[in-house]
Novice: 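Structure incoming, see below.
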Amino acid sequence: MANRYLEIFCREAEEHLASLQSGLLVLEKNPARTDLLHELLRNAHTLKGSARMVGLADISAITHTMEEQLKGMERGERTVDAQAIDLLLRGADAVALITSALMRGTTPELDVERFVAEYERGELGQHLSAEPKEAQPETLADTVRADVKTLDHLVNLVGELIINKKRLEAKLERLKEIGYALPDPHAAELASFRRDLEEDVLYLDYLIQELHGKAMGLRMLPLRTISDGLERLVRDLAQQLGREVQFQIVGQAIEMDRVLLEGLKPILIHLLTNALSHGIEAPEVRTAAGKQRRGTVLLSARHQGNSVLVEVRDDGRGMNPTSIKAAAVARGVLDQREADAISDEEALYLTFRPGFSTAEIVTDISGRGVGMDVVKKNIERVKGSVTLSSEPGSFTQVTLQLPLTLSVLDALIVACSGETFAIPTTYLQEIVKVRAIEIDTMGSGEVIKVRGATTPLYSLSGMLGLPEHRTAGDAPLSAVVLKHCDQRIACIVEAHLGYSEVVVKGLGKQFRNVRFLFGATILGDGNPALILNVPDLFESGRGVQRAPLSAEEMQAAQRRLKVLVVDDSITTRTMEQSILASQGYAVTTAVSGEDALEKSTAEQFDLVISDVEMPGINGFELTRALRESEQYRETPVIIVSSLSRDEDKRQALQSGAQAYIVKGAFDQGLLLETVQMLIG
């Protein structure tokens, strides 16, 4: 968790604790002040929610007990007396002790589990130290902290070095050609100079490789970085769903680029959630089926060449192709004729299709359809591929193939319509030569046989909308066979220019919606090459060619989507604003429901994210008010709240919200995925 968020939380906690302490003392003297009691309840509730947002489980646990005490008073089940006020004040002291330690960067001397147990028994936290110890002077360590942006800049500079080294190598080749054209005396002198220069470039190459390895090492983190939270996720979900599960993780030491790990975490959350909610059966069902009462979910990671293979396997009920086909037909994903034509293996991949799920609301325990769609999008984002295998009644296995890093990729360089493109080898199956006689027609398209499999054949120029230079006659054509999920396509190119390690340069946010491309690189000859986004080629091959955008559509595509974040907690507001702004959304914040209504009247937002419990009108009332206005009748609303009961989620649905995220299960990836799913 970024220190910035902790600092914001601690400042917010300071305000709520001050309000709690002064309010409790007033309440002790005025036990009938129900308005004050409700205000104190809101303080405790907001503090709990904010603590959950930044992953401070200890504070969340303590404030939850305080909230329960205050709710009991509000319902008249607990007496507002000196002993009860003492108890609440001790809870505030405990939270203050923890936040004080956090600000000093030390560990609080408090056994929270014991404290909460005593607290719930009505005891006064006998072992709570009222006076936190003075901060110990920091000792010098062998490590220093570095800003992530600085590391990214360092890796980028190393990438520039690699590009310039390639340019030097290209110039050496040119020097060799010049030497061959010179008369002997001059040629010998130039050859000697060239050899010396080659040695210098070779040594430079060695230094750059070392520097690149060290720089990348700074950004590489082990899978363990994210897997600890996954163990807790599986444990909590298993309890919530009434499952008995043994969760195993193999390969926690496997290291990946930090950026990839950030992209991998929401994928694994979806896969593990699906494994428990749709894979592992209830204990009695497993026993009746002759299985062990306790199911097994295995998460494993291992290296394979320059990739990492991550597998999630459960021994649950598996995926039934017949049921998937029937559901796909019922939901209009495909018609009966198409369903009959696809194999059982292909049917599994229907779960990746958008709209496959019938869930009316996205929750923290999502359906396999929504989740798998999100998984596919995230895999494409990190330039990986995914394969599914399953046996009904036995197992389901999802295999992710991911690059080690996104900053440098292995790519095949190809020429097409006079342009140069780089194709990441993650998607490359093989290169083939195709003669005209080997091309058949199926339906309205061309196909070839690749290792016995009928494979659609396309012209890469045609897919990219570039001028065609296809030659007539029987001269063999060059084609690359690409793979993505269960699909294979072959694309005709003008020529293969060899494999190369390419340094990925982003295209900038203004090109975020450009199809077919995800970056650019500089080749050894100094010329740029565009890096193809292969999943877009598969989409294009499915015949979903998009019509040229109108001027209005182009303008709409370039407009930053506007999001209104409504929460009375500054920690939550800041976190959500930061997360969304980093992805290019224009974010406006509101501190209450009334503030949100005022801002939504003055400006049109594309999405609203709201807390539930706030001063004044709550999130459900705000959502209903928005739905009643013509301006916001169709605008998506996401509720982000620490309320986790099914009744709360039902209320959200009834008030008109599309999604509900529980702060306790809050995850940056989950919020982004939900936002992107609703508004793109």
Side-chain angles (χ1 to χ4, degrees), residues 331-332 354-355 357-364 366-367 369-370 373-374 512-513 546-569 572-573 576-577 579-581 583-641 643 646-663 670-680:
R331 292 158 194 164
S357 172
T358 56
E360 294 181 31
I361 184 167
V362 183
T363 68
D364 46 313
S366 57
V370 171
D373 180 30
V374 171
R512 192 173 83 165
N513 296 321
R546 296 176 184 171
L549 295 178
S550 66
E552 292 76 15
E553 289 171 328
M554 187 75 77
Q555 189 178 7
Q558 290 174 347
R559 181 174 69 83
R560 292 179 72 193
L561 294 167
K562 296 180 181 178
V563 180
L564 177 62
V565 171
V566 192
D567 204 301
D568 61 325
S569 161
T572 304
R573 285 200 309 275
E576 292 178 354
Q577 182 181 32
I579 290 166
L580 295 169
Q583 298 300 309
Y585 296 102
V587 185
T588 300
T589 59
V591 297
S592 66
E594 289 83 352
D595 187 22
L597 284 177
E598 187 178 338
K599 287 178 174 169
S600 62
T601 304
E603 189 177 358
Q604 179 65 47
F605 293 96
D606 300 289
L607 176 80
V608 177
I609 300 175
S610 176
D611 188 15
V612 174
E613 297 202 332
M614 297 179 289
I617 65 173
N618 64 33
F620 300 146
E621 293 165 339
L622 170 65
T623 305
R624 279 194 289 272
L626 290 172
R627 286 286 171 265
E628 288 169 1
S629 75
E630 184 67 31
Q631 190 181 355
Y632 283 91
R633 189 154 296 157
E634 305 295 332
T635 303
V637 176
I638 300 174
I639 298 290
V640 179
S641 170
L643 300 175
D646 290 342
E647 173 58 27
D648 300 317
K649 295 174 185 176
R650 268 195 295 276
Q651 274 201 58
L653 179 62
Q654 288 166 357
S655 63
Q658 272 75 28
Y660 195 105
I661 298 175
V662 179
K663 284 181 181 175
L670 180 60
L671 176 67
L672 279 178
E673 288 156 17
T674 310
V675 170
Q676 287 167 354
M677 189 169 58
L678 291 173
I679 61 172

Novice: Where the side chain of Y632 meets the backbone of S600, is there a donor-acceptor pair that is under 3.5 Å apart?
Specialist: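 Yes, because the side chain of Y632 sits within donor-acceptor range (under 3.5 Å) of the backbone of S600.
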Novice: Is any side-chain heavy atom of R627 closer than 4.5 Å to a side-chain heavy atom of R624?
Specialist: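 Not touching, per the 4.5 Å side-chain cut-off.
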Novice: State whether the side chain of R573 and the backbone N or O of V566 hold a donor-acceptor pair below 3.5 Å, judged by distance alone.
Specialist: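 Absent.
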Novice: With sequence neighbours left out, which residue pairs that include part of residues 608-622 fulfil the side chain to side chain donor-acceptor pair (under 3.5 Å) condition?
Specialist: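 Listed once each, the pairs are H45-E613.
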Novice: Kindly give the heavy-atom pair with the smallest separation between A652 and I639, and that separation in Å.
Specialist: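 Looking at all heavy atoms of both residues, the closest pair is CB-CG1, 4.0 Å.
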Novice: In Å, rounded to the nearest 0.5 Å, how long is the span from OH of Y585 to CD1 of I609?
Specialist: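 Between Y585 OH and I609 CD1, I get 9.5 Å after rounding to 0.5 Å.
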Novice: Any idea which heavy atoms bring L564 and A590 closest together, and the distance?
Specialist: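 Answer, listing the atom of L564 first, then A590: CD1-CB, 4.2 Å.
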Novice: Scan residues 589-598 for pairs that pass salt bridge (charged side-chain N to carboxylate O under 4.0 Å, His left out), counting only residues two or more places apart or in two chains.
Specialist: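 As it turns out, the salt bridge (charged side-chain N to carboxylate O under 4.0 Å, His left out) pairs with a partner in residues 589-598, which skip direct neighbours, are D595-K599.
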Novice: Answer whether the closest heavy-atom distance between the side chains of T635 and L626 falls below 4.5 Å.
Specialist: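 Sidechains of L626 and T635: no contact.
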Novice: For the side-chain contact (heavy atoms from CB on, under 4.5 Å) test, which of L607, D606, L561 pairs with V675?
Specialist: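 Single pass found, and it is L607.
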Novice: Minimum heavy-atom separation for V612 and Y660, please, with both atom names.
Specialist: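 Shortest heavy-atom contact: CG2-OH, 4.5 Å.
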Novice: Considering all heavy atoms of both residues, which atom of G593 and which atom of L622 are nearest to each other, and what is their separation?
Specialist: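 So the minimum-distance heavy-atom pair works out to O-CD1, 3.8 Å.
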Novice: Mind listing the closest non-hydrogen atom pair of K562 and E603 along with its distance?
Specialist: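 Closest heavy-atom pair between K562 and E603: NZ-OE2, 3.1 Å.
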Novice: Identify the two heavy atoms, one from A625 and one from L597, that lie closest to each other, and give their separation to 0.1 Å.
Specialist: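 Taking A625 first and L597 second, the nearest heavy atoms are CB-CD2, 3.9 Å.
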